[in-house]
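Here the structure comes first, spelled out in structure tokens, and everything after it is commentary.
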2 protein chains.
Amino acid sequence: MMKVADKHDKIVRAAIRVFARNGFFNSRISEIAKEANVADGTIYLYFNNKYDILITIFEEEMGKIIANVKREMASLSDPCEKLHCFARMHLALMEEKRELAEVIQVELRQSSKFIKDYHNKKFVEYTNIIESILKDGQERGIFRKEIIPEIFKRAFFGALDEMSRFWVLSSQKKFGVKTAARQITNLFLQGSLTDKGRQHRSCCHIT
Amino acid sequence: MMKVADKHDKIVRAAIRVFARNGFFNSRISEIAKEANVADGTIYLYFNNKYDILITIFEEEMGKIIANVKREMASLSDPCEKLHCFARMHLALMEEKRELAEVIQVELRQSSKFIKDYHNKKFVEYTNIIESILKDGQERGIFRKEIIPEIFKRAFFGALDEMSRFWVLSSQKKFGVKTAARQITNLFLQGSLTDKGRQHRSCCHIT
DNA sequence: ATATTCTGAATGAATGTGCATTCATTTCAG
DNA sequence: CTGAAATGAATGCACATTCATTCAGAATAT
């Protein structure tokens with residue numbers, strides 16, 4: 001006999017597939033049920049309603065992702081390498097768990113806005129990893145002090161996120177995860193200016 | 001008597017307000033009609049269906065935004081300044097046309113995925129502005145040649161976009177548009193490393 | 001071992017509601 | 001008067017959720 005936890009998971013996995021295919025609002029409970037080989041009513045034994053399924057996906061799967069990233073990063077001390085590691089892992093998710101990544105990508109945005117009383121704690125925790133890397137680096141004198149951590153974390157996360165959005169939509173990559181992770185990390189570390197670019201240009205003094 | 005174009009606009013403006021409030025899927029045609037002081041049926045004299053309203057918002061309003069940005073940028077020659085200008089204008093939209101910005105922010109993501117046959121041309125045109133700034137700067141020797149324009153444009157746009165998403169959701173700013181625009185532009189130009197950070201660290205050689 | 005009862009997990013047809021869209025009717029400018 | 005524009009009540013369907021019923025297997029009795 002199948003354990004309760006198994007059925008819960010089976011439904012979650014089915015929902016990820018269906019949501020990735022149609023988006024939350026265009027997905028039918030009946031479709032999820034069919035995909036999970038379960039009766040429509042069964043879903044309501046494990047979840048309160050449709051929103052609850054989506055929220056569960058965020059909570060559970062983001063939890064796993066965060067744990068993964070933190071574990072991987074624990075072995076690194078250099079903040080630059082940590083950033084690079086974060087970038088690689090974030091982008092790699094697109095290849096490893098594409099459907100999950102699509103759901104998080106596309107649906108996360110509304111969720112915070114339209115599912116009342118749901119302020120995605122896991123998501124905040126995830127981006128805070130970036131913030132702590134920066135702060136650590138600033139304390140060690142590796143990163144410039146005038147950079148506002150709140151801005152840096154959003155900018156870095158946004159850059160990665162938009163990159164994977166591109167992959168979600170286009171589904172054909174002109175360049176790989178590794179290239180993208182390296183370029184983006186490098187941009188945030190070194191910037192884009194050449195030595196010539198650095199010389200006496202008013203723009204470069206933008207603080 | 002009110003001109004046809006006026007009524008079209010009145011409906012679009014109402015729809016922007018309603019979509020910003022509830023999101024596309026949670027918005028009712030009847031609510032848009034009420035907001036526009038128009039009968040439900042009238043909306044169908046000007047639009048084919050609910051999706052059509054959303055798409056019209058993207059097309060028309062993005063068109064205006066693009067024209068705006070291009071006009072403003074025409075007076076600048078320095079690529080660094082152009083980037084900074086783009087950043088400022090993108091973020092300023094949050095303050096000037098908050099509701100429109102929210103709709104674009106949140107709904108644009110699905111649209112490309114779930115409204116079939118709609119590949120947001122205007123959006124591509126918008127981000128391509130960034131790409132051309134980079135390419136121009138590379139030709140002039142101001143930006144490093146090894147940066148892939150496709151990646152740069154997504155990273156830069158993504159950084160700005162995530163920043164304004166934060167404002168959409170939190171609605172209280174710890175720092176202003178100008179600060180954010182300057183910091184983000186500066187990050188992409190100069191990077192985040194201190195001189196000490198640049199010295200002989202393996203991470204810094206990430207290309 | 002076999003029969004009998006009990007339990008709660010699973011089912012899926014039925015329900016009821018919410019809402020996009022339509023269209024017969026009305027309005028009113030020229 | 002005329003017809004284009006506007007109306008809003010009526011239509012019909014799609015779908016989330018419910019709940020009476022089924023059923024497999026555990027527990028208990030014989």
Side-chain angles (χ1 to χ4, degrees), chain A residues 1-59 103 106-107 110-111 113-118, chain B residues 1-59 103 106-107 110-111 113-118:
Chain A
M1 183 205 175
M2 179 173 267
K3 287 203 224 85
V4 162
D6 290 346
K7 196 151 281 191
H8 170 101
D9 283 4
K10 218 167 67 152
I11 295 171
V12 167
R13 281 199 305 275
I16 291 173
R17 261 175 276 138
V18 175
F19 288 160
R21 198 157 55 229
N22 314 318
F24 178 75
F25 286 104
N26 290 314
S27 293
R28 308 294 138 229
I29 289 289
S30 57
E31 195 180 347
I32 297 172
K34 199 199 270 185
E35 186 96 12
N37 290 314
V38 139
D40 293 16
T42 306
I43 289 182
Y44 289 86
L45 298 176
Y46 294 88
F47 302 90
N48 299 324
N49 51 45
K50 203 180 158 188
Y51 287 117
D52 193 34
I53 306 176
L54 186 63
I55 290 176
T56 302
I57 293 176
F58 289 150
E59 297 287 319
V103 175
V106 177
E107 309 300 335
Q110 276 101 329
S111 66
K113 203 154 184 288
F114 305 122
I115 303 177
K116 76 170 168 41
D117 295 335
Y118 180 59
Chain B
M1 183 202 177
M2 180 173 266
K3 287 207 221 80
V4 162
D6 290 346
K7 195 151 280 189
H8 171 102
D9 283 3
K10 217 166 72 154
I11 295 171
V12 167
R13 283 199 304 274
I16 291 174
R17 260 174 278 139
V18 174
F19 287 160
R21 196 156 56 228
N22 314 319
F24 178 76
F25 285 105
N26 290 315
S27 294
R28 308 296 139 228
I29 288 290
S30 56
E31 195 181 347
I32 296 172
K34 198 198 272 183
E35 187 97 12
N37 289 313
V38 139
D40 293 17
T42 306
I43 289 182
Y44 289 86
L45 297 176
Y46 294 89
F47 301 90
N48 298 323
N49 51 46
K50 202 179 158 188
Y51 286 118
D52 193 32
I53 306 177
L54 186 63
I55 290 176
T56 301
I57 293 175
F58 289 151
E59 297 287 320
V103 175
V106 177
E107 308 301 335
Q110 277 98 330
S111 65
K113 204 155 183 290
F114 305 122
I115 304 178
K116 78 169 165 43
D117 296 336
Y118 180 60

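In what follows, every chain begins at residue 1, and chains take the letters A, B, ... in the order their sequences are listed.
Here D:dT18 presents its P atom at 15 Å from CZ of A:F47, a figure rounded to the nearest Å. If you measure from atom NZ of A:K50 to atom C1' of D:dT18, you get 17 Å, rounded to the nearest angstrom. Straight-line distance from the CZ atom of A:F24 to the C1' atom of D:dA16: 11 Å, rounded to whole Å. Between B:Y44 atom OH and C:dA24 atom P there is a gap of 18 Å when expressed in whole angstrom units. Between B:F25 atom CZ and D:dC15 atom C1' there is a gap of 14 Å when expressed in whole angstrom units. The CD1-P distance, from A:I11 to C:dA9, rounds to 13 Å in whole Å. In this structure, CG of A:N26 is placed 10 Å from P of D:dA16, rounded to the nearest angstrom. What separates CD of A:E31 from P of D:dA14 is a distance of 15 Å, to the nearest Å.
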Distances for protein N or O near nucleotides 11-15 of chain C N or O, under 3.5 Å:
unit_1 : atom_1 : unit_2 : atom_2 : d
C:dT11 : OP2    : A:A39  : N      : 2.9
C:dT11 : OP2    : A:T42  : OG1    : 2.3
C:dG12 : N7     : A:G41  : N      : 3.2

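Pairing each heavy atom of B:K10 with each of B:A36, the nearest pair is CE-O, 3.1 Å.
The nucleotide whose nearest atom lies closest to any side-chain atom of B:Y46 is, among D:dT17, C:dT21, D:dA6, D:dA6. Considering only side-chain atoms of B:I29, the nucleotide from C:dA10, C:dT21, D:dT18 that sits closest is C:dT21.
Side-chain contact between A:K34 and A:V18: absent, with no pair of heavy atoms (C-beta onward) separated by less than 4.5 Å. Residues B:L54 and B:V103 meet the side-chain proximity criterion, which asks for heavy atoms closer than 4.5 Å.
Among residues two or more places apart in sequence or in another chain, the ring-ring contact (aromatic ring centres under 6.0 Å, His included) test is passed with A:F47 by A:H8. Applying the side-chain contact (heavy atoms from CB on, under 4.5 Å) rule to A:R28 yields the partners A:N26, A:S30, A:E31, A:K50; only residues at least two apart in sequence or on another chain are considered. Scored by the side chain to side chain donor-acceptor pair (under 3.5 Å) test, B:E107 finds no partners at all (sequence neighbours excluded).
Here the rule is side-chain contact (heavy atoms from CB on, under 4.5 Å) with A:Y46, and of A:I53, A:D52, A:I11, A:V12 only A:I11 fits it.
Within the 4.0 Å cut-off from OP1 or OP2 of C:dA20, at least one side-chain nitrogen or oxygen of B:R28 is found.
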